[in-house]
Amino acid sequence: MENEKAKPSTRLTRRRPDRNKAGGTAAKPAQNKSNERRNAGKPAGAKQAKKNERTKNADNKQTKSKQSKKPVQNNAEFKGKRGGKPVKIIFLGGVGEIGKNMTALECGDDIIIIDAGAIFPTDETPGFDLIVPDITYLLENSKKIRGLILTHGHEDHIGGVPYLLKELKVPVIGTKLTLALVDNKLREHRLNDVKEITVTPDQTIQLGCFKVRTINVNHSIAGSLAFAITTPQGVIFHSGDYKIDLTPVAGEPIDLKTISEIGAAGVLLYMGESTNIERAGYTMSETVVGSTLDRLFSENSKRRIIVATFASNVHRLQQIIDLAVKYGRKVALSGRSMLNVVEAAEKIGEITIPDDVLVDVSKIRNMRDTEIVVVSTGSQGEPMSALTRMANGDNQFVTVGDNDTVIISASPIPGNEKLVYRVINNLYKLGANVVYESLENVHVSGHACREEHKIMHSLLKPKYFIPVHGEYRHLKKHAQLAEELGLPESRIFIPDIGDCIEVTSKGVKRLNRVPAGSRLIDGEGIEDEKQSMVIEDRRQLSEEGLFIVSVAVSGGEVVGEPAVNSRGFVFDFHRDYDREIREVINRAIDSVNISRSGVDELKKTIKRSLRNYLLKKTKQSPMVVPVVVEL
């Protein structure tokens, strides 16, 4: 309708210059004669009034025409976006779970990947080293991938980078600290030909049809970014992990001004992190931790101090080092990741350590308790971490005793509570004084609470919203918050891993799911969780135990008695299970014609018969492994 109304005004505007031309001037007498004939018999005053009215109307139309030019251009641009290629968002990790964040944006022949994280194994994945996203979809579309952009350097956002780069050759984009931490991983995996692009906040980089603008945010690690991604359909804003900290201990506060400007210009879709959505109010500033640590250092001036924190929290580490200098203590770093992060951060200037402050942890046995601060990994109770080994009494460099104050400057990640409290209990048993989050303000989260989420939504004013980075309950709560702030439920989508959502300026819809899930890392081996027999075997071994039946075969017949061994299986030894088990196995052997059916059929029959017997007699279903040795 706006275009239609603008058409007459546009014609009038185009005629205006003609009046200054010679041809236009020559035409005036004829026009005037025509007017005189129409106004014949009317008073002269009326003729002049009519003429003035026509002039006024023409001027008004010309003014409206000028004012309508800008809206016409904007509307044309909007139509162009609506006619552009749709954008697909593919969720490969980080939704319905905490960790292994990975999202892909696809438009035509271009794909960009946001983060490539990992998580540590749980009780459901025994014996594995790491869990990363399934990248089958990316491998199938490898020619389209224009780059991997990283929000920050935490393990749940960069832990899967080396495994991705072993199969895909793509540029990696991030801030200095993020890429420095990625470099440590690439060296471990002997990946030397990776293209890296360093960015700073408020920088724009073109990746295919995607124009990515980096925005400074606060988090529990330096160099954290949000992304405003301009697509053919509009702007997609990805928050990364963030909180609103107006008094950070280092760096700039979150760039609310730029976020507000982006929101005012129009945001098609907002993808916002949801980790702390259940917490009311605001997340405390990192400066609170500094004040608490200062007091604890003062109160424990006669004791040895051990601080366990996240190795990646460079600003926290800087505060600890500064306090050590203030109170005349040396600093010993314990844990490989702590050493790697400090080395990387110092190299790029993100952390400042005065000369002669760091000492090797192996030298602290010869130092007085009042002269040293040990900064350790293991704040999450990881079984092989430095702090856990201290708590178990098997750390070769640090022996915990009555004169130690252990400060755990972190909060348990969901799922790690048992591990953390086990470490705390063991430290108390060794005589240490333990300080942790529920006792003092020794940790603040790096994630936004509900009021901060409200601010972000209010600034961005998105047309559509998708909550990310959280378990289902977190995503649901974030969706409900968006609805409370006025966004219709029909414009909010809760994703799951493998979902593919198409976004256009006209609307959002779900497409067919893509291959997705988890890949299990065990040393150099990689298993697809959905198809893995290894994980099922390990679960069964851990829950039910193992039976191994060894049989020797010669000339198509069994030679001697079968040997039976079991591990991890609970017997009632007062009953004659051993005799019955042998009878079951011998009956199974007798039922098979080995010469005709082969040894494979013999294995299947032994396995089936023994499992059925054990399930019937003991209500347990251990793994049964028949071994046939052909002589």
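Around NZ of Lys418, the count of heavy atoms belonging to other residues, nucleotides or ligands within 6.0 Å does not exceed 12. Annotation for Glu252: atom CD does not count as buried by contact number, only 12 or fewer foreign heavy atoms lying within 6.0 Å. Counting non-hydrogen atoms of other residues, nucleotides and ligands closer than 6.0 Å to NZ of Lys461 gives a total above 12. Shown here is Lys454, whose NZ atom has more than 12 heavy atoms of other residues, nucleotides or ligands within 6.0 Å.
A salt bridge is defined here as a Lys NZ or Arg NE, NH1 or NH2 lying under 4.0 Å from an Asp or Glu carboxylate O, and Arg304 with Asp404 meets this definition. Between Lys185 and Glu155 there is a salt bridge, since a side-chain N of the basic residue sits under 4.0 Å from a carboxylate O of the acidic one. A salt bridge is absent between Asp356 and Lys330; no separation between the charged side-chain nitrogens and carboxylate oxygens falls under 4.0 Å. The pair Arg519-Glu167 counts as a salt bridge, with a side-chain nitrogen and a carboxylate oxygen less than 4.0 angstrom apart. A salt bridge does not link Glu278 with Arg450: every distance from a Lys NZ or Arg NE/NH1/NH2 to an Asp or Glu carboxylate oxygen is 4.0 Å or more.
In this structure, the side chain of Asn300 engages the main chain of Leu296 through a donor-acceptor pair within 3.5 Å. The closest donor-acceptor contact from the side chain of Gln319 to the backbone of Val289 lies at 3.5 Å or more, if one exists at all. A distance-only check finds a donor-acceptor pair linking the side chain of Asn395 to the backbone of Val398 [under 3.5 Å]. Judged by distance alone, with hydrogens and angles left aside, the side-chain atoms of Lys243 form a donor-acceptor pair with the main-chain N or O of Ser445 at under 3.5 Å. Using a distance-only test at 3.5 Å, with no hydrogens or angles considered, no donor-acceptor pair links the side chain of His157 to the main chain of His154. No donor-acceptor pair under 3.5 Å is formed between the side chain of Thr175 and the backbone N or O of Val199. One N or O on the side chain of Glu97 and one on the backbone of Gly94 form a donor-acceptor pair closer than 3.5 Å. Between the side chain of Gln203 and the backbone N or O of Thr200 there is at least one donor-acceptor pair closer than 3.5 Å. Of the possible polar contacts, one joining the Glu273 side chain to the Thr275 backbone as a donor-acceptor pair under 3.5 Å is found. In this structure a side-chain-to-backbone donor-acceptor pair under 3.5 Å is missing from Asp241 to Gly446.
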Quick one, Lys176 with Glu350, criterion salt bridge (charged side-chain N to carboxylate O under 4.0 Å, His left out). Give me CA distance, side-chain angles, the key distance, then yes/no. CA-CA 9 Å; Lys176 283 195 300 183; Glu350 283 288 353; 5.6 Å; no

Tell me, with the steps shown, if Lys211 and Thr204 meet side chain to side chain donor-acceptor pair (under 3.5 Å). CA-CA 7 Å; Lys211 186 161 68 174; Thr204 299; over 6 Å; no

side-chain contact (heavy atoms from CB on, under 4.5 Å), that's the test. Do Ile215 and Phe237 meet it? Break it down for me. CA-CA 10 Å; Ile215 294 126; Phe237 192 96; 3.7 Å; yes

Mind running side chain to side chain donor-acceptor pair (under 3.5 Å) on Asp369 and Asn403 for me, showing each step along the way? CA-CA 8 Å; Asp369 289 348; Asn403 201 42; 2.9 Å; yes

Candidate pair Ile408 and Val307, rule side-chain contact (heavy atoms from CB on, under 4.5 Å), full reasoning: CA-CA 6 Å; Ile408 301 179; Val307 184; over 6 Å; no

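Taken to the nearest 0.5 Å, the CG atom of Leu268 stands 12.0 Å off from the CD1 atom of Ile229. Interatomic distance, CD1 of Ile112 versus CZ of Phe227, reported as 8.5 Å (0.5 Å rounding). With values rounded to the nearest 0.5 angstrom, Ser224 atom OG is found 8.5 Å from Asn218 atom CG. Distance check, rounded to the nearest 0.5 Å: CG of Leu148 to CD1 of Ile113 gives 5.5 Å. Distance check: Leu207 CG to Ile149 CD1 gives 7.0 Å after rounding to the nearest 0.5 Å. Separation of atoms CZ (Phe465) and CG (Leu485) is listed at 9.5 Å; rounding is to 0.5 Å.
Neither side chain, His453 nor Asn276, offers a donor N or O lying under 3.5 Å from an acceptor on the other. With 3.5 Å as the limit, one finds a donor-acceptor pair spanning the side chains of Glu452 and Thr283. Judged by distance alone, the side chains of Ser409 and His443 never bring a donor and an acceptor atom under 3.5 Å apart. No hydrogens or angles considered: a donor-acceptor pair under 3.5 Å links the side chains of Asp322 and Gln318. In this model, a donor atom of one side chain and an acceptor atom of the other lie less than 3.5 Å apart for His478 and Ser274. A donor-acceptor contact closer than 3.5 angstrom links the side chains of Asp115 and Thr151. Side chain to side chain, Tyr428 and Asn433 fail the donor-acceptor criterion of an N or O pair below 3.5 Å. Of the N and O atoms on the side chains of Tyr242 and His152, not one donor lies less than 3.5 Å from an acceptor on the other residue. Side-chain N/O atoms of Asp255 and Asn216 include no donor and acceptor closer than 3.5 Å. Arg303 and Thr405 share a side-chain donor-acceptor pair at under 3.5 Å.
A 4.5 Å side-chain heavy-atom check between Phe91 and Ile497 finds every atom pair outside the cut-off. Side-chain contact between Lys363 and Phe397 is absent, with no heavy-atom pair separated by less than 4.5 Å. Residues Val170 and Arg146 are not in side-chain contact: their nearest non-hydrogen atoms beyond the backbone lie 4.5 Å or more apart. For the pair Val235/Arg213, no side-chain contact is recorded, criterion being any heavy-atom separation below 4.5 Å from C-beta on. Taking the side chain as every heavy atom from C-beta outward, Val468 and Asn101 never approach each other to under 4.5 Å. At least one side-chain heavy atom of Leu165 sits less than 4.5 Å from a side-chain heavy atom of Leu186. Looking only at side-chain heavy atoms (C-beta outward), Thr103 and Ile89 come within less than 4.5 Å of each other. Looking at Lys326 and Asp294, their side chains come closer than 4.5 Å, going by heavy atoms from C-beta outward.
In terms of heavy-atom proximity, Ile321 sits nearest to Pro354 at CG2-CD, 4.3 Å. Of all non-hydrogen atoms in Val132 and Ala118, the two that sit nearest each other are CG1-CB, 3.9 Å. Taking both residues in full, the closest heavy atoms of Ile158 and Gly153 are given as CD1-O, 3.3 Å, listed atom of the first, atom of the second, then distance. When all heavy atoms of Ser334 and Met390 are compared, the pair lying nearest together is OG-CE, 3.9 Å. Residue Asp245 comes nearest to Ser285 through the heavy atom pair OD1-OG, 2.9 Å, listed as atom of the first residue, atom of the second, then distance. Shortest non-hydrogen contact noted between Val342 and Ile351 is O-CG2, 4.0 Å.
For His315 and His219, the ring centers are positioned 6.0 Å apart or more. Between His238 and Tyr270, a ring centre-to-centre spacing not shorter than 6.0 Å is recorded.
Under the rule for a side-chain hydrogen bond (donor to acceptor under 3.5 Å, both in side chains), the partners of Glu299 that lie at least two apart in sequence or sit in another chain are Arg295.
Using bins of under 30°, 30° to 60° and over 60° for the plane-to-plane angle, the ring pair Tyr421/Tyr436 lands in the perpendicular bin.
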